[in-house]
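Okay, so here's the structure we're looking at.
Being a predicted model, the structure only gives us computed values, none of them experimental. Every chain is numbered from 1, with letters handed out A, B, ... down the list of sequences.
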4 protein chains.
Amino acid sequence: MSIQQRPKYKQIIDAAVKVIAENGFHRSQVSKIAKRAGVADGTIYIYFKNKEDILVSLFKEKMGQFVEKIEAEIKEKKDAKEKLLTMVKVHFDQLAADYPLAIVTQLELRQSETEIRMAINNVLKKYLHVIDGILEEGKQQGVFRDAIDIRLARQMIFGTLDETVTNWVMNDHKYELRDLADPVGDLLVNGLSR
Amino acid sequence: MSIQQRPKYKQIIDAAVKVIAENGFHRSQVSKIAKRAGVADGTIYIYFKNKEDILVSLFKEKMGQFVEKIEAEIKEKKDAKEKLLTMVKVHFDQLAADYPLAIVTQLELRQSETEIRMAINNVLKKYLHVIDGILEEGKQQGVFRDAIDIRLARQMIFGTLDETVTNWVMNDHKYELRDLADPVGDLLVNGLSR
Amino acid sequence: MSIQQRPKYKQIIDAAVKVIAENGFHRSQVSKIAKRAGVADGTIYIYFKNKEDILVSLFKEKMGQFVEKIEAEIKEKKDAKEKLLTMVKVHFDQLAADYPLAIVTQLELRQSETEIRMAINNVLKKYLHVIDGILEEGKQQGVFRDAIDIRLARQMIFGTLDETVTNWVMNDHKYELRDLADPVGDLLVNGLSR
Amino acid sequence: MSIQQRPKYKQIIDAAVKVIAENGFHRSQVSKIAKRAGVADGTIYIYFKNKEDILVSLFKEKMGQFVEKIEAEIKEKKDAKEKLLTMVKVHFDQLAADYPLAIVTQLELRQSETEIRMAINNVLKKYLHVIDGILEEGKQQGVFRDAIDIRLARQMIFGTLDETVTNWVMNDHKYELRDLADPVGDLLVNGLSR
DNA sequence: GATGAATGAGGGTTCATTCAT
DNA sequence: TATGAATGAACCCTCATTCAT
C-alpha cells in the first residue's frame with residue numbers, strides 16, 4: 001500500500017520524522033507522534049504493528065523514494081563516471097532538501113535496537129546494488145581500474161557519502177551540502193579511475 | 001587519573017566493554033557491568049558520574065590508546081603515502097585484535113543518546129587531526145593533489161575506514177580485516193594522488 | 001426476546017461460547033466474538049448493552065434451558081430421592097454433551113468481575129429453588145431427615161455437583177462424567193436420608 | 001524464606017490481601033499494593049518476580065498456614081469422624097477469623113488467569129491429600145462405607161465447604177460461619193457413614 | 001572507600017465502545 | 001439495522017541512581 005492511498009499512514013510517518021528530528025529518538029514517544037499526526041494513540045496500531053514498525057516503515061518509504069530518484073537520474077547518463085557524479089549530487093540534493101529526514105536517517109535512527117537496524121540495512125541493500133552496478137559498468141567501459149574490489153569500492157563510496165552527510169548534520173548544516181557534491185564526486189572518481 | 005593507578009576504574013571499563021559486546025547496548029545495565037567488574041552497583045558511582053560517563057570514559061581510554069599507537073607508528077614513516085597506508089594498517093590491526101572493542105565502537109555505542117555521541121565525536125577529533133596532518137604533509141610533499149579539500153578528504157578516509165570495519169563486524173568477522181588494509185589503502189591513496 | 005426470533009442474537013451468544021472455550025476468558029475480545037459470529041463489532045452493541053451483557057445473557061440463555069430440562073425430567077418422578085438422582089444425572093448429562101459450554105461455565109466465566117458473577121448467581125437462583133423444592137418434598141415424604149437445614153443441604157448438593165464437574169473439566173474430560181452420576185447421587189442421598 | 005524473616009515480603013503480601021479484598025481483583029494495581037505496603041513500586045519486584053507471583057505467593061503462604069493448622073488439630077483426634085468434624089470446624093474458624101482473606105480466596109483470586117489458578121490448584125493439593133487421608137482412615141476404621149470412591153467423596157467434602165464459605169462471603173458474612181460447622185459436618189459424616 | 005536495598009518516574013500497547021456513513 | 005475505523009484510558013515493569021550503614 002503506497003503512501004498516497006492511506007492518508008493516516010502518511011500522516012503518521014511524516015509526524016514521526018518531525019517528532020524524532022525535533023526531540024531525538026529516545027524522547028519520541030508513540031503518544032507524541034500520534035498527537036503530532038493528529039490521531040489517537042490507538043490509531044497508530046491500526047496502521048503499524050508496533051513502534052519498531054513505524055521506524056522501519058518510515059525508512060522503507062523514504063529510502064525507497066530516495067533510491068528511486070537516484071536510479072531515475074542516473075539512467076539518463078551513459079558514462080559510469082557521470083553516473084557516479086550524478087549519484088553523489090542527487091544523494092546530497094535530496095537530504096539537503098529535507099533536513100529533518102537527514103537528522104533522522106543520519107543520527108537518530110542509528111540509536112535503535114540492533115533488530116531495527118538490521119531491517120534498515122536490508123532497505124539499504126538496494127542502494128548498495130545501485131552503487132555496485134555503476135562500478136561494474138565502469139570497469140566494463142574501461143573507465144575504472146580492473147583491479148578494483150567492488151565491495152571495497154562500494155564501502156568507500158557509501159562510507160564517504162555517509163560520513164560527509166553526517167558531518168554536515170552534526171554541524172547544524174552551517175554550510176551548503178550541495179556544494180560538496182562536485183569535490184566529493186571528484187575525489188571518488190579519482191580513486192577509481194585508471 | 002590514568003588506568004594504571006585505579007584498579008577498579010580499569011576493571012569497570014573493561015567489564016563495560018565485555019558486557020556491551022556480549023549483551024548489546026540496551027541490555028547492558030549498570031548492575032550487570034558492576035557484577036562483571038566484581039564491584040557493587042554503588043561503587044560505579046564513586047568512579048563515574050553516571051552511566052553516560054562510563055561510556056564516554058571507555059571511549060576516551062580505548063581510543064586514546066588507539067590513536068597513540070597510530071601516531072607512534074606513522075612517526076617512523078617519512079612519505080605521506082606511506083603514513084596513510086600505515087595508518088590504515090594499524091587501524092585495522094588494532095580492531096581485528098580486539099573484536100569485543102570493535103563491536104562496541106562500531107555498533108553498540110552508536111545506539112547511545114545523541115549527547116553521548118557528541119562527546120564521543122570530541123574524542124575522535126584527535127584522530128581526525130592525525131589524518132589532517134598526513135593530508136597537509138602530502139600536499140606539501142607534492143604527492144597529494146593541491147586542489148584537495150582537507151575536510152572532504154578526511155571524511156572520505158575516515159568514512160571509508162569506518163564503513164569497512166562496520167561491515168566486517170556486521171558480517172561476524174567472517175573474513176580477515178587485515179587483508180583489506182592494502183587494497184583499501186591503495187584506493188584512498190589513488191583518490192588523493194596527482 | 002427469545003433466541004429463536006433474533007438470529008444474530010443467537011449467533012453472537014453461540015460465538016461467545018466457542019470463542020471463550022477455545023481462547024479462554026481473557027483472550028476473548030469483543031472483536032473476536034464478532035468475527036466468529038460473522039457480524040461487525042458495532043453490531044454486537046445493537047443486541048447487547050456491553051460485553052458484560054453478552055456474558056450474563058449467555059449464562060441466562062444456556063442455564064435457562066439447562067434448568068428447564070432438569071425441571072421437565074424430575075416432574076415425571078414422584079419420589080424425592082429419585083428426583084435428586086435424576087437431577088444429578090441430567091445435570092451431568094447436559095454438561096457432558098456440551099463440553100465447550102462446560103468449560104465456559106465452570107472455568108472461564110468465573111474469571112469475570114465480581115459484578116458479573118453476582119448477576120450470574122442471580123440466574124442460578126432458579127436452579128437452587130429446584131433443589132430446595134426436592135429437599136422440602138423429601139422431608140414431607142419422610143425420606144429425608146427432618147433436622148436437615150435446607151440451605152446447608154442445598155449448598156452441599158450444589159457444591160458437590162459443581163466441584164465434580166469442575167474437576168472433570170480441569171482433567172480435560174479424561175473420564176466419563178456420566179459414570180459419576182450414580183455414585184455421586186448415592187453419596188448425596190445417603191447424606192440426607194434417615 | 002518464611003514470612004517472619006523478611007519484613008517487606010510480609011508487608012507486601014498482607015497489603016495485597018487488604019487491597020484485593022477492598023478493591024476487587026481487577027482494581028488492585030501493583031502501585032496500590034505498594035502504597036498500602038508502604039514501599040515503592042519497584043520494591044515489589046525485589047521480592048516478587050511479577051504481579052502473578054504476588055498472588056501465588058500470597059496463596060501459598062496463607063494456605064500453607066491454613067492447612068498446617070488443620071493438620072495439627074486433626075492429629076490429636078483418633079476417630080475419622082471426629083477428624084472430619086474437626087477439619088470442618090477449623091476450616092470455617094480460620095476463614096471466619098480473617099474475612100479479607102476469605103474474600104480474596106473465595107472470590108477475587110478466582111478471577112485470575114488460568115495459569116495462576118493452576119498454581120493455586122497445586123497449593124490446594126496438599127489440602128486434598130489431608131481429606132483423602134481422613135477418608136482412607138475412616139474406611140479402615142470401618143466408620144465410612146467401603147464402597148465410597150475417595151475422589152468423589154473428596155469432591156463432595158471440598159465442594160460443600162467451598163460452596164458454604166463462598167455463600168457466606170457473598171452474603172456479606174451476615175450470619176455466623178462458625179455456627180454452620182456442626183450441621184455441615186453432620187451432613188457430610190452422614191453421607192459417608194455405614 | 002564500598003555496599004546493595006530501596007527508590008519512583010516513565011511508556012508501549014490493548015481493547016471495549018462510539019458514531020458517521 | 002449494520003458497519004468498522006477511530007478512540008483514549010489504563011497499567012506493569014525496568015533500571016539508573018541514592019544513601020544509610
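- Glu61(B) has no carboxylate O lying under 4.0 Å from a charged side-chain N of Arg6(B), or vice versa, which leaves the two without a salt bridge.
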Return the polar atom pairs (N/O with N/O) between nucleotides 8-12 of chain E and the protein under 3.5 Å, or none.
unit_1	atom_1	unit_2	atom_2	d
dG8(E)	N7	Gly42(D)	N	3.1
dG11(E)	OP1	Gln29(A)	NE2	2.6
dG11(E)	OP2	Gln29(A)	NE2	3.4
dG12(E)	OP1	Lys51(A)	NZ	2.9
dG12(E)	OP2	Val30(A)	N	2.8

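- Comment: Glu113(C) does not engage Lys51(C) in a salt bridge, judged by the lack of any side-chain N to carboxylate O separation of less than 4.0 angstrom.
- A salt bridge is defined here as a Lys NZ or Arg NE, NH1 or NH2 lying under 4.0 Å from an Asp or Glu carboxylate O, and Asp14(A) with Lys10(A) meets this definition.
- Heavy atoms of Phe48(C) sit nowhere under 4.0 angstrom from any nucleic acid atom.
- A donor-acceptor pair under 3.5 Å is formed between the side chain of Ser28(D) and the backbone N or O of Gly24(D).
- Heavy-atom contacts of chain A under 4.0 Å fall on DNA chain F between two terminal nucleotides, which in 5' to 3' order are dA6(F) to dG8(F).
- The salt bridge (charged side-chain N to carboxylate O under 4.0 Å, His left out) search around Asp41(B) returns none, not counting sequence neighbours.
- A salt bridge links Arg110(C) to Asp162(C): at least one charged side-chain nitrogen sits closer than 4.0 Å to a carboxylate oxygen.
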Exercise for review: For DNA chain F, produce a single dot-bracket line, 5' to 3'. Pairs: Watson-Crick or G-U wobble, both distances under 3.5 Å. Symbols: ( ) within strand, [ ] crossing, | other strand, . unpaired.
Suggested key: .||||||||||||||||||||
Quick one: side chains of residues 116-125 of chain C, donor-acceptor pairs under 3.5 Å with protein atoms, not counting sequence neighbours, listed by atom name and distance.
unit_1	atom_1	unit_2	atom_2	d
Arg117(C)	NH1	Leu107(D)	O	3.3
Arg117(C)	NH2	Leu107(D)	O	3.2
Asn121(C)	ND2	Arg117(C)	O	3.2
Asn122(C)	OD1	Lys125(C)	NZ	3.0

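- Checked against side chain to side chain donor-acceptor pair (under 3.5 Å), Glu22(D) has the following partners two or more places apart in sequence or in another chain: Arg36(D).
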